[in-house]
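Order of appearance sets the numbers: ligands from 1, and atoms from 1 within every ligand. In this text the structure is predicted, and so the values were computed from the model without any measurement. In this chain, residues are counted from 1 in sequence order.
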Amino acid sequence: MTATPKILLAVRFGQPIKTRPSSWLARLGPTVVFALLFGFAEARAQAPSVAVSGVDAALIEDIVTGSRVLADFGVLDGFGHVSARHPTNPNHFLLSRSLAPALVTAADIMEFDLDGNAVGNNGRSVFLERFIHSEIYRARPDVMSVVHTHSPGVIPFTVSQAPLRPMYHNAAFLAAGAPVWDIRKDFGETDMLVRDPSLGKSLAQTLGDKAVVLMRGHGDVTVGPSVKVAVFRAYYTDVNARLQSQAIALGGDVNYLTPGEGAKADTVNLAVLDRIWNLWRMRIAPSLGK
Ligand SMILES: [Zn+2]
């Protein structure tokens, strides 16, 4: 009988059971066999719905909506991620298990500490680049959401000398600046991924107090006081970059928004954000069966 808890524990943590079923089942009575089988079913049923304690379902839904809508717009592809700081524990954050953003559901959201360790992992795989999120949350107490993309529109601005600047009012937040982080500067030749805390800390330092940081030969990170704002900024960073490339290609000087215009327009954008957010929720609703 003492074997039962060990076997169930092994199933819950996804570890292989080395004992051959035909031999150990044969040695147990029918009651124990039933309990074991019921235990298997229970463990399997619980696996995809690990709850994140103390978190409003609306916040989880925002992460799911943001992930799916950015994938829908092509800002995210099979990679990239949307996270939120834990609302009651500022030293933790919420992020999907390793999964393409277009496939993220509420059951995939996990909790992490600021060292990038998963809380209640349950055997699920996690993103290599979770340290982007952990180190920005550590460095920026004001940030409640982080989005990382490999936005195609932005890539040219990460490798050229042309700074990303605000083309129009929707991307007004860019008027405060969009610094470029070059991983090679301090870390030499890498695989370009933010795969440890020291890389994440360096990225967060380059971000500084800005809303956006570009990553040379990689993509960008946007931050905000909510998931909605960080996702909004990720989307319009990509749109602005595409428009700016077009304006530069036309030739001549480009007449960008000034910092003053940017600050004023950004205030308006933040006030009317729900209008576009509700449109985006409706856009991805069919993919969630709603
Ligand atoms: Zn990346």
Side-chain angles (χ1 to χ4, degrees), residues 63-64 66-85 93-104 108-110 112 114-118 124-140 143 145-160 164 174 178-208 210-224 227 229-242:
I63 297 173
V64 172
S67 302
R68 288 180 175 244
V69 80
L70 289 176
D72 204 27
F73 283 127
V75 179
L76 298 175
D77 50 17
F79 305 100
H81 9 89
V82 177
S83 73
R85 191 188 293 272
F93 65 98
L94 311 172
L95 177 68
S96 163
R97 69 182 173 94
S98 182
L99 190 67
L103 304 177
V104 169
D108 298 310
I109 306 303
M110 300 172 61
F112 294 85
L114 294 190
D115 292 324
N117 300 313
R124 297 188 286 184
S125 59
V126 297
F127 288 119
L128 275 176
E129 294 199 291
R130 60 193 181 281
F131 304 103
I132 292 172
H133 303 260
S134 58
E135 292 301 324
I136 289 176
Y137 287 124
R138 193 195 303 276
R140 287 276 301 271
V143 167
S145 178
V146 175
V147 177
H148 169 51
T149 87
H150 302 163
S151 158
V154 166
I155 299 299
F157 293 91
T158 74
V159 296
S160 73
L164 187 65
L174 291 174
V180 180
W181 179 68
D182 185 350
I183 192 171
R184 197 166 59 218
K185 179 170 174 284
D186 289 330
F187 299 93
E189 290 185 313
T190 65
D191 62 6
M192 307 300 288
L193 301 177
V194 183
R195 57 168 59 249
D196 67 43
S198 64
L199 289 159
K201 184 177 180 182
S202 173
L203 176 65
Q205 285 173 343
T206 301
L207 170 67
K210 304 294 188 291
V212 186
V213 60
L214 309 190
M215 304 161 75
R216 197 265 305 166
H218 187 158
D220 67 74
V221 176
T222 58
V223 302
V227 173
V229 173
V231 169
F232 176 92
R233 288 172 173 169
Y235 174 66
Y236 282 109
T237 295
D238 184 68
V239 174
N240 189 94
R242 293 172 190 268

Trainee: Given side chains that start at C-beta, do those of Met215 and Thr158 come closer than 4.5 Å, heavy atoms only?
Mentor: no
Trainee: Does the side chain of Ser202 come within less than 4.5 Å of Trp181's, by heavy atoms?
Mentor: yes
Trainee: So what does the His148 NE2 - the Zn ion (ligand 1) - His218 NE2 angle come to, to 10°?
Mentor: 100°
Trainee: Step through the shown structure and confirm whether more than 12 heavy atoms of other residues, nucleotides or ligands are within 6.0 Å of CZ on Phe73.
Mentor: yes
Trainee: His150: which N/O/S atom is nearest the Zn ion (ligand 1)?
Mentor: NE2
Trainee: Under a 4.0 Å N-O cut-off, is there an ion pair linking Asp238 with Arg242?
Mentor: yes
Trainee: If you look at Glu129, which of its N/O/S atoms is nearest to the Zn ion (ligand 1)?
Mentor: OE1
